[in-house]
Each structure stands twice: as C-alpha cells, then as structure tokens.
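Structure, as structure tokens:
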Amino acid sequence: MATSGIKSMILQSVLYATTNQQLLLCPSTGTWQCSPTPSTLIAAPDNFNPDIQTPPSQTVPDPTAPTVTPLPLKPKPTPPKPTASPEKPATPTPTTSLPGLNQKADQIAAGRAWKYFERNWNPQTGLVNSVDNLPWTTWWDQGSALLGIHAARQLGLLPKEMFQQRMNTLLQTLEKLPLPATGLPNKAYSTHTAEMRQLNDTPDPKGTSGWSALDMARFLIGLHVMRSHYPEYSDRINHIVARWHTSKLVKDGWLNGAIPKAGKLLEVQEGRLGYEQYAAQSLKLWNIQATNALTNPPVKAVQVDGITLQIDERNFKNSGASNYLTNDPYLLWGLEMGWNDAVKPQVQNLLKVQLQRFKRTGILTAVNEDSLDRPPYFLYYSVYSNGQSWQAVNTTGKAYPQLRFVSTKAAFSWFALMPDEPYTKMLRDFAQNLADKNRGYLSGRYENSKLGVNASVDVNTNAIVLESLLYQARGRHPLVLDPSEIKN
C-alpha cells in the first residue's frame, strides 16, 4: 500500500469516531432532560471527527472557573533501592520468569505486547503512537499507554532506570504542553514534537479541535495510577493536572466535550451507557463529579437471544449518535477500578449473550470497538445498537456485517476477569497467537474465515493485553489499588 494510503487508513482507524453531529432531538419521556437551547448536542461515545475543518476557535478561558483539587494521597514508605538493575529493557522469552506470570503463555503474551511499546515510544516527548509507526495521538490512547507502561514496569519488562527515564521525559512534556485557549489539552497531538494537531493529523497551532471528556477521563485514570503507585511523581502529576481547566469536563452533572463548529467550539454531552459510567468513575479519582452521567443515564431493558440487557435510550434516531453496547468500557472498568454491584448483572449478561451466540451459531464471539486493516478502518461491533442486535457499524451508522470480528483485547480481558468461565478460556486461547512478532498484538480476527486476521496494530490493544496480564499477576485486583490496599 502507498504511504498516503497507509496514513489515510491509520487516521481513520484511530478510536473514537463521531456520528454526524446534529441538533439534539429530545424524546418525549425519560428521566434525562435535553437542553432547551441549541448549544448542546448529544455526542457519540467520543466526538472524533476527522473531516471537520474549521477556522481558529474564539473560545476563551473563564478566569472565574473553579480549580479542581486532586485527591490527597496517603503517604507510603519508600521502597528499598535494588542492588542492581539491567541497562536495557528485557523482552521476555518463553523461558523468562516474570513476577506473577507463572504460565508460559502469559510470559509470551507479555513480551509480544511490549514489542508495540518498544517500537512506538518517542524519546523526544515520552508519548506513544496511537497506531504503529504514526507519530500522532489522542488522550484516550495516552491513558492506555500509561497503563501499559505501568503494567510493563510491574511485570518486570521495563527496568527501573528505563521506567524513570520514560516517566521524566513524559512529565517534562506535559509540564510544557501547549494548550488552547480552553485551558484543556487539545484532542490530538504529535508524538514527535508534542505540538497540537487536528484529528486528521494536520497542524493545529491554536488548538481548534476541542476536547473530549471521555479521552481526558481515561488519561486521568492513567495519571492517577502513576501518582498512587509511584509517589515520587505525585507532586509533578498533581501540578500538571491543576494547570488544566478540568471543571469544563462536566456540565450539569453530565460529561462535557467540545467540537469545532462554524469557527467556534460547540460544547456537547459525551458518552452512552457503559462509556459514560466508566469515564465518570475515572473522574471521581480526581474529585470531579459527573453525578448524572454516573447515576442517571436514560436506560431501558431489551432482550437479545433471550437475555436481558440494559441499553441507552439515546440512539442514532433521537440523538444523532449511536448507543453502542460493546465490551470495551465494561472490561476496562473491571480491570482498572473493579465493578460495583450495580453493574455486575449487566456484565454477567454481556458475557452470557456472547456465549449464547457462539452456542447458537458456532461463531466465536467477542465484540468490541476496534480499528480495522481495511475500509472503513474502524467499527463498533456491538451486542446491540440502534434497535438491532449484533451490529458492526461505522460512526455514521452504516452496517458492515461482513466485517464482524473477534477482538484480541476483549478476549484477553474476559479471561483475566472471569478465568473460571470455560468460554473465556476459549477466547484467550484463540487470541494468544494473534500477534506480529515485530509489532505486537493484532486487533483480532474476522468472523468470516475467508478474511483472516484483522492486522491493524494499535496502542489500545497492546496496552490492554498488558493490563489484563497485570490484573492476573496481582491476584485479580484492580489496577487503581496500590499494593498497600490489597488484602491477602
């Protein structure tokens, strides 16, 4: 494929695409209320739109906006210094013993996933490419990168000195990060220079692309894990976050993002059931409260293959954005923060319905949002979306049933979270070797056997593989818990 074709594919395959943005159509019933003014939109799970081209934004920061105070961290004893440490990162071989990874398959998987980071970490900035060999990123992807690097350190893939070097480089970049007039990080940046970029990877020196509350929530959970597990960085991380106008991430209790429109930034509600609550839980770690997003989403029950699931009432027809019910937010929630009792029935039924489809059709099923190696380059494969089950749709709602796929990151995550379920073991075994020996894990394999593997390679898949392995190595304790909080 020509270089221009590869770049086009990569840019379209990066996560979090938006539907066509349109003015909100308010349903007549429900516990949630639409804004009476046209200044609010109901956006997709993330409001990524590579086609928007706008003049610089006229938005200016509000000098009276409150500053969010990071949650205090309890002091922890300083760990003893090791007597020696290797100079180079050690990629494990099948005979390498990693802390907590007693199974050879886990050791091999860790080494394969770490290959992505070895190839795609940028020494100039400390940022990690969103997609293999493309120096461009979003903050959701950098949240994944932080958690992947943390997992690598904990699993023994990344020696202490190398980890410290990478953290110092990243924190120096964040301390000097150029910000738009909004006071929040722009949606996209160059991983080579840390300069602001648009979502189509063109220069954006004034930061006109807006912000995503969902992306920022994932990045903030990554920063929280770093400040709590490595307290030597907590002051620097707290100062970095205090520089941002994080109060803008929530409006009237809902997640609040911004998209460029008519030369200005239009603020929009972000998130659908699953994504919305995962992000709201993440923001709570920084004392940012999105109460309505967390506890008051508009939901209803539907039956898929005889199994009851909760879905978001805000669908493409009534809001201009799809209500994807897919694995990703629930699995990240479990690995990183742990499920609360309220969400457990939904999670259990989500796994059950995918097993049910496998039993009914013989097709191994692990749905997800994922990048693809062919047009349209990104799909949300959902158990339920916009009134139909087992939909694989792009961001405008167009269906691609021929491109349904088994997701690598979903397979690894389900097994880590529910290892006693025979179906999750089947998924993990299936995904174990879906990797390129030089680039890392592939996004997955198409359900249509004639299409073979989905050879797209990105940071989210490889970071989540590492997260799932660390979750297992910690005795299935969520990643936000520091060692002192784990009860043996």
For this session: Kindly determine whether R218 and S282 satisfy side-chain hydrogen bond (donor to acceptor under 3.5 Å, both in side chains), including the steps that lead there.
Result: CA-CA 7 Å; R218 180 147 179 77; S282 301; over 6 Å; no
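- Using modelled atom types and a 3.5 Å distance limit, the side chains of E369 and N460 yield no donor-acceptor pair.
- Checking Q348 against E421 by side-chain atom types alone, no donor-acceptor pair falls below 3.5 Å.
- Residue N386 comes nearest to S322 through the heavy atom pair ND2-OG, 2.7 Å, listed as atom of the first residue, atom of the second, then distance.
- Under the 3.5 Å distance criterion, the side-chain polar atoms of N122 are left unmatched by any main-chain donor or acceptor of Q124.
- Between the side chains of R357 and T365, at least one donor N or O lies within less than 3.5 Å of an accepting N or O.
- The two residues L146 and L170 make their nearest non-hydrogen contact at CD2-CD2, 3.5 Å.
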Exercise. Run the side chain to side chain contact (heavy atoms under 4.5 Å, CB included) check on M418 and S413 step by step: do they pass?
Worked result: CA-CA 8 Å; M418 295 187 177; S413 298; over 6 Å; no
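- Checked by atom type, the side-chain pair D328/T326 shows no donor-acceptor distance below 3.5 Å.
- Side-chain N or O atoms of D429 include none that pairs as donor or acceptor with a backbone N or O of M426 at under 3.5 Å.
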Exercise. Are Y471 and L417 close enough, and set up right, to give a side chain to side chain contact (heavy atoms under 4.5 Å, CB included), and what steps lead you there?
Worked result: CA-CA 8 Å; Y471 181 87; L417 290 158; 3.6 Å; yes
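- The aromatic rings of W286 and H224 lie perpendicular to each other, with more than 60° between the two planes, well past the 30° mark.
- Between Y423 and F358, the ring-plane angle classifies as tilted under the 30° and 60° cut-offs.
- With hydrogens and angles ignored, the 3.5 Å screen pairs no side-chain donor or acceptor of N368 with any backbone N or O of D370.
- Between A455 and L442, the closest heavy-atom pair is O-CD2, 3.9 Å.
- Under 3.5 Å, the side chains of R360 and Q356 contain no donor-acceptor pair of N or O atoms.
- Side chain to side chain, N433 and R112 meet the donor-acceptor criterion of an N or O pair below 3.5 Å.
- A centroid separation of 6.0 Å or more is found between the aromatic rings of Y324 and Y384.
- Under the 6.0 Å cut-off for aromatic ring centres, Y381 and F405 qualify, their centroids lying closer than that.
- Just one residue in the list T191, D458, N462, N129 forms a side-chain hydrogen bond (donor to acceptor under 3.5 Å, both in side chains) with N120, and that residue is N129.
- Because its NZ or CZ atom is both nearer than 6.0 Å to the ring centre of W121 and within 45° of the ring axis, R166 counts as a cation-pi partner of that residue.
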For this session: Go through the steps for L294 and Q289 under the test side chain to side chain contact (heavy atoms under 4.5 Å, CB included), then give the verdict.
Result: CA-CA 9 Å; L294 195 59; Q289 307 295 330; 5.8 Å; no
For this session: Test side chain to side chain contact (heavy atoms under 4.5 Å, CB included) on K251 and E267 and set out the steps.
Result: CA-CA 9 Å; K251 185 175 183 179; E267 296 189 9; 3.8 Å; yes
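- The pair D132-R119 meets the salt-bridge criterion, since a charged nitrogen lies less than 4.0 angstrom from a carboxylate oxygen.
- In this structure, E313 does not pair ionically with R272, as no charged nitrogen and carboxylate oxygen lie closer than 4.0 Å.
- Of the residues listed (L249, N186, I259), the one engaging W211 in a side-chain contact (heavy atoms from CB on, under 4.5 Å) is L249, and it is the only one.
- Between W339 and W414, the ring planes lie tilted relative to each other; the angle falls in the 30° to 60° range.
- Donor-acceptor pairing under 3.5 Å is lacking for the side chains of Y400 and R374.
- Between the side chains of S382 and S385, no donor-acceptor pair of N or O atoms lies under 3.5 Å.
- Side-chain N/O atoms of T138 and R197 include no donor and acceptor closer than 3.5 Å.
- Defined by atom type and a distance below 3.5 Å, a donor-acceptor pair is present between the side-chain atoms of T202 and N200.
- With hydrogens and angles left out, the side-chain atoms of T137 and S130 include a donor and acceptor closer than 3.5 Å.
- Among all heavy-atom pairs drawn from V225 and L479, the shortest one is CG2-O, 4.0 Å.
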For this session: Would you please test Y278 and Y330 for ring-ring contact (aromatic ring centres under 6.0 Å, His included) and show each step?
Result: CA-CA 7 Å; Y278 165 72; Y330 294 101; 9.7 Å; no
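- Contact detail for D373 and N454: the closest heavy-atom pair is N-OD1, 3.0 Å.
- No hydrogens or angles considered: a donor-acceptor pair under 3.5 Å links the side chains of E270 and S212.
- Contact between A410 and L331 at its shortest, heavy atoms only, is CA-CD1, 3.7 Å.
- Using cut-offs of 30° and 60° for the angle between ring planes, the Y380 and F378 rings count as perpendicular.
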